[in-house]
Protein chains: 2
Amino acid sequence: MATKRATINDVASLAGVSIATASKALNGRQDVRAATRERVLAAAAQLSFQPNALARGLLSGQTRTVGLLTSDSVGRFGIPVLLGAENAFGAGEMAVLLCDARGDAIREQHHLRALLSRRVDGLIVVGESTDPRPSVSKDLPVPVVYAYGPSEDPEDVSFVPDDVGAAAMAVNHLLALGRRRIAHVTGPTHYKAARDREEGVRLALEAAGLPQAGQTLSGPWSQRWGRHAAEMLLMSEPEIDAVFCGSDQIAAGFVEAARERGRRVPDDIAVVGYDNWEVLSTETRPALTTVDMNLESLGRTAAQHLFAAIDGKATPGVHKMPCQLVIRDSTSPPGIS
Amino acid sequence: MATKRATINDVASLAGVSIATASKALNGRQDVRAATRERVLAAAAQLSFQPNALARGLLSGQTRTVGLLTSDSVGRFGIPVLLGAENAFGAGEMAVLLCDARGDAIREQHHLRALLSRRVDGLIVVGESTDPRPSVSKDLPVPVVYAYGPSEDPEDVSFVPDDVGAAAMAVNHLLALGRRRIAHVTGPTHYKAARDREEGVRLALEAAGLPQAGQTLSGPWSQRWGRHAAEMLLMSEPEIDAVFCGSDQIAAGFVEAARERGRRVPDDIAVVGYDNWEVLSTETRPALTTVDMNLESLGRTAAQHLFAAIDGKATPGVHKMPCQLVIRDSTSPPGIS
DNA sequence: CTCCTGGACTTAAAGGTTTTCGGAAACGTA
DNA sequence: TACGTTTCCGAAAACCTTTAAGTCCAGGAG
C-alpha cells in the first residue's frame with residue numbers, strides 16, 4: 001500500500017509544464033519539443049503515474065471494457081469460451097468484466113444493468129447449452145454477441161458449434177474405417193445438442209445408404225448411462241461394430257462396459273466420443289477418438305466479432321463454427337492398436 | 001442498439017428540477033419533497049436512466065470493482081476460486097475484472113498496470129499451485145489477497161488449503177476403518193502440495209505409532225501413473241490394505257489397476273483420492289472417498305477478506321483453510337458395499 | 001518596419017455525477 | 001413589521017483527462 005496516486009497534474013508540476021503539454025507528451029503527440037517530452041516522461045516514471053481510465057473513459061465514451069455474462073456456473077462449456085475471449089481481448093488493451101448469472105433471469109438483468117452502468121463497450125453472452133435463449137439485445141446501447149448458446153432473435157450475432165456437421169463427420173470417420181453397423185447413444189432429447197447430433201448421424205448414414213444400428217438411445221450425459229446403454233445395446237443389437245456417443249462421459253462408460261462384456265475396443269467396436277474433455281478422453285483405455293468443439297477458438301471468434309460490432313460492422317445471424325475430430329486409439333483400424 | 005444514453009441532466013430537465021435535486025432524489029437523500037422525488041424517479045424510469053459509474057467513480061475514488069489475476073489458464077483450481085469470489089462480490093454490487101496471465105510474469109505486470117489504471121479497489125491473485133509465488137503487493141495503492149497459491153511475503157494476505165491437515169484427516173479416516181498397512185501415492189515432489197500431503201501422512205501415522213507401507217511413490221498427477229503405481233505397489237508391498245492418493249486421477253487409475261489384479265476395493269484395499277473432481281470421483285466404481293479442498297469457499301473467503309482489507313482491516317499471514325473428507329464407497333467398511 | 005508562418009506551449013471546456021453551501025420561500029413568533 | 005427557523009431547491013466546485021482554440025515568440029519575407 002503506497003501513498004496517494006499521482007495525477008497528470010502532479011506530473012506536469014514536476015516537469016514544469018502545463019497538464020495539456022504533459023498529456024501530449026505522454027500520448028506521443030507531435031507538437032512537443034523532444035527535451036520537454038523527456039522531462040515529462042521522466043516525471044511520470046518517477047511518480048509511477050498511471051492515467052486514470054475512468055477520466056479517460058468519461059471523456060471518450062469508450063471504456064475498452066467488455067462484459068461477459070455467463071449462465072453456466074459449473075463452467076464446462078463457459079470456461080473455454082471465456083478463456084478464448086479473454087485471450088482475444090488481452091492481446092489488445094481490452095479488459096473483461098465477468099458476471100455469472102447462475103441461470104437466474106433476475107440475476108441476469110441485475111448484472112446487465114450493472115454492466116451498462118459501468119459503460120462496457122460490448123457484451124458477450126455465454127449460454128449454458130446450445131439451445132436458443134431469450135435475447136437481451138433489445139434496446140441495448142451496446143452490441144452483443146452470443147457464444148455457445150445462440151439468441152432466439154436471428155438479428156442478433158451468435159456463434160455456436162456445428163453439432164450436425166460434427167456428428168456427420170464422426171459417422172463418416174467410422175464409415176471410412178469400414179464400419180457398417182453404427183449405433184448412436186446420446187444425451188437427453190430436450191437438449192438441442194442431442195437432437196442436432198442425431199440429425200447429423202441420420203444425414204451421414206442416409207448419404208451412405210445405410211440404416212442405423214438400433215434406435216438412438218437417449219439418457220443422461222453421464223458415464224453411468226454410457227455403461228447402461230452399452231449393456232442394452234449389446235443385448236439388442238449384438239452385431240454392432242461402432243458407436244457414436246454424445247459425450248466423452250457416455251463413451252467412457254460404454255468402453256468400460258463393452259470391455260467387461262468381452263468386446264474389444266476398437267477391434268470389435270469402434271467408439272467415438274464428444275467434447276474432447278481431456279481428463280476422460282486421453283485417460284480411458286483406449287484413448288478416445290472424440291469431437292472437439294474448439295470452444296476456445298469459438299470464444300476468440302466471438303470476441304473478434306464483438307470488436308467488429310463495436311466498430312459498427314455487425315454480422316447478424318447464427319454462425320456455425322466447425323468442430324474437429326481428434327483421432328485416438330478407440331477408432332484405430334483393427335490389428336493396429 | 002438504442003439511442004444516446006440519458007444523463008442525469010436529461011432526467012433533471014424532464015422532471016423540471018436541477019441536477020443537484022435529481023441526484024438527491026435518485027440517491028434517496030432526505031432534503032427532497034416527496035412529490036419532487038416522485039417526479040424525478042418517474043423521469044428516470046421513462047428515460048431508463050443508468051448513472052454513469054465512471055463519473056461516479058471518478059468523484060468518489062471507488063470503482064466497486066476488483067481485479068482477479070490468475071495464472072492458471074487451464075483452470076482446474078483457479079475456476080472454483082474465481083466462482084467463489086464472483087459469488088461473494090455478486091451478492092453485493094461489486095464487479096470482477098478478469099485477467100489471465102497464463103503463467104507469464106511479463107503479461108502479469110501488463111495486466112497489473114491495466115487493472116490499476118482502471119482503478120480497481122482491490123486485487124485477488126490466484127496461483128496455479130500451492131507453491132508460494134512472488135508478491136505483487138509492494139507499493140501497490142490497493143490491497144491484495146492471494147488465493148490458493150500464497151505470496152512469498154508473509155506480510156501479504158494469503159488463503160491456501162490445509163494440505164497437511166487434509167492428508168492427516170484422510171489417513172485417520174483409514175485408521176478408523178481398521179486399516180493398518182497404508183501406502184501413499186502422490187504427485188511430483190517439486191509441488192509443495194505433494195510434500196505437504198506426505199507430511200500429513202507422516203504425522204498421522206506417527207501419532208498412531210504405525211509405519212507407512214512402503215515408500216511414498218511420486219509421479220505425475222495422472223491416471224496412468226495411478227495404474228503404474230498400483231502395479232509397483234502390489235508387487236513390492238502385497239499386504240497393503242489402504243492407499244491414500246494425491247489426486248482423484250491417480251486414485252482412479254489405482255482402483256482400475258487394482259481391480260484388474262484381483263484386489264477388491266474397498267474390501268481388500270481402501271482408497272482415498274484428492275480434489276473431489278466429480279467427473280472422476282463419483283463416476284469411478286466404486287465412487288471415491290476423496291478430499292475436497294472447498295476451493296469455492298476459499299475463493300469466497302478471500303473475497304470477503306479483500307473487502308475487509310479495502311476497509312483497512314487487513315489480516316496478514318498465510319491462512320490455512322480446512323478441507324473436507326467426502327466419504328464414498330471406496331472406503332466402506334468390508335461387507336457393506 | 002510590418003506581416004506572416006509555424007512551433008511550442010497554455011487556457012479552458014467538456015464529460016457525468018456528487019456534495020457543499022447558500023438562497024429563497026413559507027411559516028411561526030415577538 | 002421584523003426576525004428566526006425549517007424546508008426545499010439550485011449554483012458551483014470537484015474528480016482527471018483530452019483536445020480545440022488561443023497565446024506568445026522567433027524568424028523569415030516583403
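Throughout, protein chains are lettered first and strands after them, A, B, ... in sequence-line order, and every chain is numbered starting at 1.
At a threshold of 4.0 angstrom between heavy atoms, the contacts of A:Thr36 are confined to the sugar-phosphate backbone, with no base atom among them.
In this structure, B:His319 and B:His305 have tilted ring planes: the angle between them lies in the 30° to 60° band.
For the salt bridge (Lys or Arg N to Asp or Glu O under 4.0 Å) condition, no pair includes a residue of residues 299-323 of chain A, sequence neighbours left out. Applying the ring pair (Phe, Tyr, Trp, His ring centres under 6.0 Å) definition to pairs two or more places apart or across chains, those involving residues 112-153 of chain B are B:Phe77-B:Tyr148.
No hydrogens or angles considered: a donor-acceptor pair under 3.5 Å links the side chains of A:Ser129 and A:Asp131. A donor and an acceptor atom, one from each side chain of A:Thr65 and B:Arg118, are located under 3.5 Å apart.
Panel note: side chain B:Asp121, backbone B:Thr63; a donor-acceptor pair is recorded below 3.5 Å. Distance alone, capped at 3.5 Å, is enough to place a donor-acceptor pair between the B:Ser117 side chain and the A:Pro51 backbone.
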- Message: Protein within reach of the bases, or only the backbone? For nucleotides 12-22 of chain C, mark each nucleotide 5' to 3' as B, S or -, using heavy atoms under 4.0 Å.
- Response: --BBBBBB---
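Taking every heavy atom of both residues into account, B:Asp153 and B:Ser135 meet most closely at CB-CB, 4.0 Å.
Taking A:Arg37 as the reference, A:Ala25, A:Val32, A:Leu41 meet the side-chain contact (heavy atoms from CB on, under 4.5 Å) condition, with sequence neighbours excluded.
Each end of the helix from C:dC1-D:dG30 to C:dA30-D:dT1 gets its own rotation axis from five pairs of C1' atoms, and the angle between them is 80° to the nearest 10 degrees.
Counting 5' to 3', DNA chain D first comes under 4.0 angstrom of a heavy atom of chain A and last does so at the ends given by D:dC16 to D:dT19.
Each of B:Val125, B:Leu123, B:Val120 was evaluated against B:Leu112; a single residue qualifies, B:Leu123, per the side chain to side chain contact (heavy atoms under 4.5 Å, CB included) test.
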